[in-house]
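A short write-up of the structure that comes next.
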Protein chains: 2
Amino acid sequence: MTATPTTSDAADAPDADWLRLDRQICFSLHAASRAFNGVYRVILKDLGLTYPQYLVMLVLWEQGDLPVKRLGEELRLDSGTLSPLVKRLEGAGLVRRERSAEDERSVRVHLTGEGVALRERALEVPRRIMTATGFALDEIVELRARLDQLTTALDAAARAEARGGR
Amino acid sequence: MTATPTTSDAADAPDADWLRLDRQICFSLHAASRAFNGVYRVILKDLGLTYPQYLVMLVLWEQGDLPVKRLGEELRLDSGTLSPLVKRLEGAGLVRRERSAEDERSVRVHLTGEGVALRERALEVPRRIMTATGFALDEIVELRARLDQLTTALDAAARAEARGGR
DNA sequence: AGCCATTTAGTTGTGCACAACTAAATTGTG
DNA sequence: CACAATTTAGTTGTGCACAACTAAATGGCT
């Protein structure tokens, strides 16, 4: 925004400006994510769930019992995150973990009666979140589309960077 | 999106639909945040920095030496996160921590020569990130504005929820 | 059958986020 | 001045994210 002596072309601004801009972009996303997390934290406290635990329960409510592998695919999380998380859900009595009979490697996560029952109390959560955002439904949907687009591009780029480097 | 027997008013869809929508919204933001983090992780590995450490360095490069308190305000982080993070930066030789003489409570974070020097190598980071997003500059700026708007609303709502509850 | 690569969970270690708390210095007030 | 409230860092404990690794089961191949 400020006048820059080095160059006047917006697409090729001085590095220092890019660095300042970068601070604003990456910080914005980071902050938004944590702010969202904070709202969910407050609202979900009633249910005794954390935000990632809520995500797991949403998938189970929607799709029924699943092996840990499938849960990880749905949520883009690996076993290092899911294993202890699911154990905590089991400790809370919301799910059971059962080794599959056909494939002994696989562990299927089942909702307990208590886990199914919790869904009733969760039904009010989305509306409270919507209200908290102050956004209209179509704005949310559009933002979501853009974020998904971003995620797809970033995932591809991360893989490319990891491979080719530089 | 599917036909719903219970009601036909979009603004008052059945709770189950809202729950499914919620899963999509909160997951999108969560995933985008982690995807962004992943790209930064790969790119910053060369510099020996994590994403939050990079944020701290950006603030210091931009604003010069600051007390921990001010850093926390800039980044929306508390001492529980910043104290160990800054110590790791100190361990890496990038900053020094010094108790203020005027106010013994305050600890000022100073860039070392090495910390200042690292800025040169960081100058290429923003362009690589921009490329990774696949977004044009104006798209990024617009997304950023929307995210900031979201953060502001969410922070206010979290405070309101924490107080008034329900 | 015997062997090897793959798949699936889990474990370990590091770092971040945040709540709840402590300790020390400072400020305000009677 | 004395004392209570506030400010500033730091510590502790819990949970998430992810890399790197292990262990066990499976499937394919010769």
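Below, chain A is the first sequence line, B the second, and so on; all start at residue 1.
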With a 4.0 Å cutoff (strictly under), does any side-chain N or O of K87(A) reach OP1 or OP2 of dT11(C)? yes
Would you indicate which nucleotide in dA17(C), dG15(C), dA17(D) comes nearest to any side-chain atom of Q53(B)? dG15(C)
Phosphate OP1/OP2 of dG10(D): any K69(B) side-chain N/O under 4.0 Å: no
Can you tell me how far apart CZ (R97(B)) and CG (L89(B)) are? Round to the nearest 0.5 Å. 10.5 Å
V86(B) and V109(B): which non-hydrogen atoms are nearest, and at how many Å? CG1-CG2, 4.0 Å
For DNA chain D, which residues of residues 91-99 of chain A approach it to below 4.0 angstrom with any heavy atom? none
How long is the straight-line distance from CZ of R119(B) back to CG of L47(B), given to the nearest 0.5 Å? 13.0 Å
As an exercise, state the distance from CE of M57(A) to CD of E62(A), rounded to the nearest 0.5 Å. 13.0 Å
Could you tell me whether a side-chain N or O of T81(B) sits under 3.5 Å from a main-chain N or O of L77(B), the two making a donor and an acceptor? no
Between CG of N37(A) and C1' of dT14(D) the distance, given in whole Å, is 14 Å
Which residue lies toward the 5' end of DNA chain C, A35(A) or R70(A), if each is placed at its nearest nucleotide? R70(A)
To the nearest 0.5 Å, what is the distance between CG (L71(A)) and CD (Q63(A))? 8.5 Å
What one-letter contact string describes nucleotides 19-29 of chain D from 5' to 3', where B marks a base within less than 4.0 Å of any protein heavy atom, S marks contact via sugar-phosphate atoms alone, and - marks no contact? B-----BS---
When R128(A) is tested against each of I43(A), V42(A), V39(A) for side-chain contact (heavy atoms from CB on, under 4.5 Å), which residue passes? I43(A)
Taking any heavy-atom pair under 4.0 Å as a contact, classify P84(A): base, sugar-phosphate, or nothing. nothing
Using the rule given for salt bridge (Lys or Arg N to Asp or Glu O under 4.0 Å), can you reason through E73(A) versus R70(A), listing the C-alpha separation, both sets of side-chain angles and the distance that settles it, and then say yes or no? CA-CA 5 Å; E73(A) 287 168 0; R70(A) 292 277 301 112; 3.2 Å; yes
Select base, sugar-phosphate, or nothing to describe what L82(B) touches, counting heavy atoms under 4.0 Å on all strands. nothing
Gap between atoms CG and C1', on L75(B) and dA9(D) respectively (whole Å): 16 Å
Pairs in or reaching into residues 140-149 of chain B: which pass side-chain hydrogen bond (donor to acceptor under 3.5 Å, both in side chains), with residues at least two apart or in two chains? S28(A)-D148(B), R144(B)-D148(B)
5' precedence on DNA chain C between R108(A) and G38(A) (nearest-nucleotide basis): R108(A)
Using whole Å, what does the distance between atom P of nucleotide dC18(C) and atom CG of L85(B) come to? 13 Å
Pick one: which of L60(A), V59(A), V56(A) meets side-chain contact (heavy atoms from CB on, under 4.5 Å) with E74(A)? V59(A)
I want to verify a distance call: between dA17(C), dT8(C), dG15(C), whose nearest atom is closest to the T50(B) side chain? dG15(C)
Atom CG of L44(B) to atom C1' of dC18(D): distance rounded to whole Å? 15 Å
Rounding to an integer number of Å, can you tell me how far E90(A) CD sits from dA9(C) P? 14 Å
Separation of dA17(D) P from F36(B) CZ (nearest whole Å): 18 Å
Please tell me if S83(B) has a side-chain N or O lying less than 4.0 Å from either OP1 or OP2 of dT11(D). no
Round to the nearest Å and state the distance from K45(A) atom NZ to dG15(D) atom C1'. 16 Å
